[in-house]
Amino acid sequence: MLLWSKWKTRYGAERLKRRIDWSGPLPQHVAIMMDGNGRWATRRGLPRTAGHVAGMHAMRETIRFCHQAQLRYLTLYAFSTENWKRPKEEVDAIIRLVHEFMTERTLGELNRNQIKVSFIGDTAKFDPDTRRIMEQAVHVTRFNMGMTVNFAVNYGGRSDIVRAVKTMVTEENGSVSIDAFESRLYTSGCPNPELLIRTSGEKRLSGFLLWQSAQAELWFTDEMWPSFNEALFYQALYEYQCRKVRANS
Ligand code: IPE
Ligand code: IPE
Ligand code: MG
């Protein structure tokens with residue numbers, strides 16, 4: 001059964017891949033709101049934390065196929081400033097997954113694929129062990145020249161904006177410009193995302209990249225995050241391309 005569904009996804013992905021014009025408009029930066037882990041689990045009679053574990057596997061696969069699709073930047077909304085309000089056990093389980101994900105094996109794979117890791121958000125709120133793991137991932141992948149993966153953790157778009165305004169006003173002696181402001185956002189140095197994906201059927205921004213997604217195409221799927229796959233990714237790319245071609249014609 002599992003093999004059959006894997007084969008179907010692969011076949012679907014290949015078919016969609018062939019429909020994309022690889023010399024046509026494509027996003028350099030895709031941002032994803034990985035939503036629906038809890039519902040994926042409860043619908044299967046499992047605890048929500050099992051959904052987060054499955055979500056971590058989907059995230060690993062997503063990084064792989066985005067790298068294969070030669071994407072330049074991938075930003076993944078993993079934990080919002082609002083998510084601290086969840087039960088402590090759930091928050092702890094999500095943080096434990098950072099430890100489980102950022103192993104030597106994962107870092108080795110990221111390095112082999114020239115993938116650079118970055119964290120956007122206020123990481124100071126995490127415990128020292130978690131911060132150390134995040135810093136290490138950034139450090140060991142810092143010279144990689146391929147895709148950059150930004151993990152948005154304790155990220156909130158409004159805090160991002162307020163923080164950038166504060167530093168801009170202090171450092172620029174009160175002078176204000178779009179460039180000076182953007183260079184103080186967590187995403188400084190990355191182009192703004194051209195495509196923003198949210199899974200789970202919800203159609204909210206939930207504080208994600210509020211400034212940066214001003215011109216982004218939005219793409220939604222009813223699939224829960226653990227069920228996200230390569231075929232859905234290529235479908236999003238294909239629809240992005242159709243919208244861009246239409247807009248330019
Ligand atoms: C997204 O899935 C993961 C995080 C927010 C950490 P959810 O945990 O929000 O799952 P649902 O939306 O409740 O199903
Ligand atoms: C958004 O999902 C944040 C992440 C995907 C990490 P949430 O499930 O936390 O957002 P709301 O509460 O539905 O807006
Ligand atoms: Mg949710």
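In listed order, ligands and their atoms are each counted from 1.
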Is the contact between Ala78 and ligand 1 made by the side chain, the backbone, both, or neither, using heavy atoms and a 4.0 Å cut-off?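 Backbone only.
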Would [X] and [Y] count as having a side-chain donor-acceptor pair, cut-off 3.5 Å?
X: Thr199; Y: Asp35; answer: no
X: Thr49; Y: Arg96; answer: no
X: Asp127; Y: Thr130; answer: yes
X: Thr103; Y: Thr106; answer: yes

Give a yes/no verdict on whether any heavy atom in Arg39 is under 4.0 Å from an atom of ligand 2.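 No, that is not the case, since the closest heavy atom of the residue is not under 4.0 Å from the ligand.
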So, does Glu82 sit close enough to ligand 2 that a heavy atom of it is under 4.0 Å from the ligand?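 Flag not set, Glu82 not near ligand 2.
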So if I count the atoms of ligand 2 from 1 in the order they appear, which ones are less than 4.0 Å from some heavy atom of Arg204? 11 (P), 13 (O), 14 (O)
Near Met34, which atoms of ligand 2 are under 4.0 Å from a heavy atom of that residue?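 Per the distance check, 5 (C).
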Looking at Glu171 and Arg184, is there a salt bridge between them, counting it only when a charged N and a carboxylate O are closer than 4.0 Å?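 Between Glu171 and Arg184 there is a salt bridge, with a charged N closer than 4.0 Å to a carboxylate O.
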In terms of side-chain geometry, is the basic nitrogen of Arg112 or Glu109 positioned less than 4.0 Å from the acidic oxygen of its partner? no
For ligand 1, which atoms have a heavy atom of [X] less than 4.0 angstrom away?
X: Ile94; value: 6 (C)
X: His52; value: 3 (C), 8 (O)
X: Arg48; value: 7 (P), 8 (O), 10 (O), 13 (O)

Could an N or O of ligand 2 be found under 3.5 Å from any N or O of Asn83, whether backbone or side chain? yes
Kindly confirm or rule out an N or O of Asp35 lying under 3.5 angstrom from an N or O of ligand 2.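 By distance alone, the answer is yes.
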Would you check the N or O atoms of [X], main chain and side chain alike, for any that come under 3.5 Å of an N or O of ligand 1?
X: Gly36; result: yes
X: Trp40; result: no
X: Gly38; result: yes
X: Asn37; result: yes

Can you report which non-hydrogen protein atom sits closest to atom 14 (O) of ligand 2, along with the distance?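 Its nearest protein heavy-atom neighbour is Ser206 OG, 2.6 Å.
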Residue pair Met102 / Val117: nearest heavy atoms and the distance that separates them: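 Closest heavy-atom pair between Met102 and Val117: CE-CG1, 4.2 Å.
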Checking side-chain hydrogen bond (donor to acceptor under 3.5 Å, both in side chains) against Arg64, which of His67, Glu61, Gln68 comes through?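 Between Arg64 and the candidates, side-chain hydrogen bond (donor to acceptor under 3.5 Å, both in side chains) is satisfied uniquely by Glu61.
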Does the plane of the ring in [X] sit parallel, tilted or perpendicular to the ring in [Y]? Use 30° and 60° as the thresholds.
X: Phe79; Y: Trp84; result: perpendicular
X: Phe181; Y: Trp211; result: perpendicular
X: Tyr77; Y: Tyr155; result: perpendicular

Name of the Asp35 atom (N/O/S only) found closest to the Mg ion (ligand 3): OD1
For atom 1 (C) of ligand 2, tell me which residue out of Arg198, Arg86, Lys85, Glu202 has the closest non-hydrogen atom.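 Of the listed residues, Arg198 has the closest heavy atom.
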Determine if the distance from atom 12 (O) of ligand 2 to the closest protein heavy atom is below 4.0 Å.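 No.
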Mind checking whether Phe208 contacts ligand 2 via backbone (N, CA, C, O), side chain (CB onward), both or neither, at a 4.0 Å heavy-atom cut-off? neither
Side-chain (Glu223) to main-chain (Phe228) donor-acceptor, under 3.5 angstrom: no
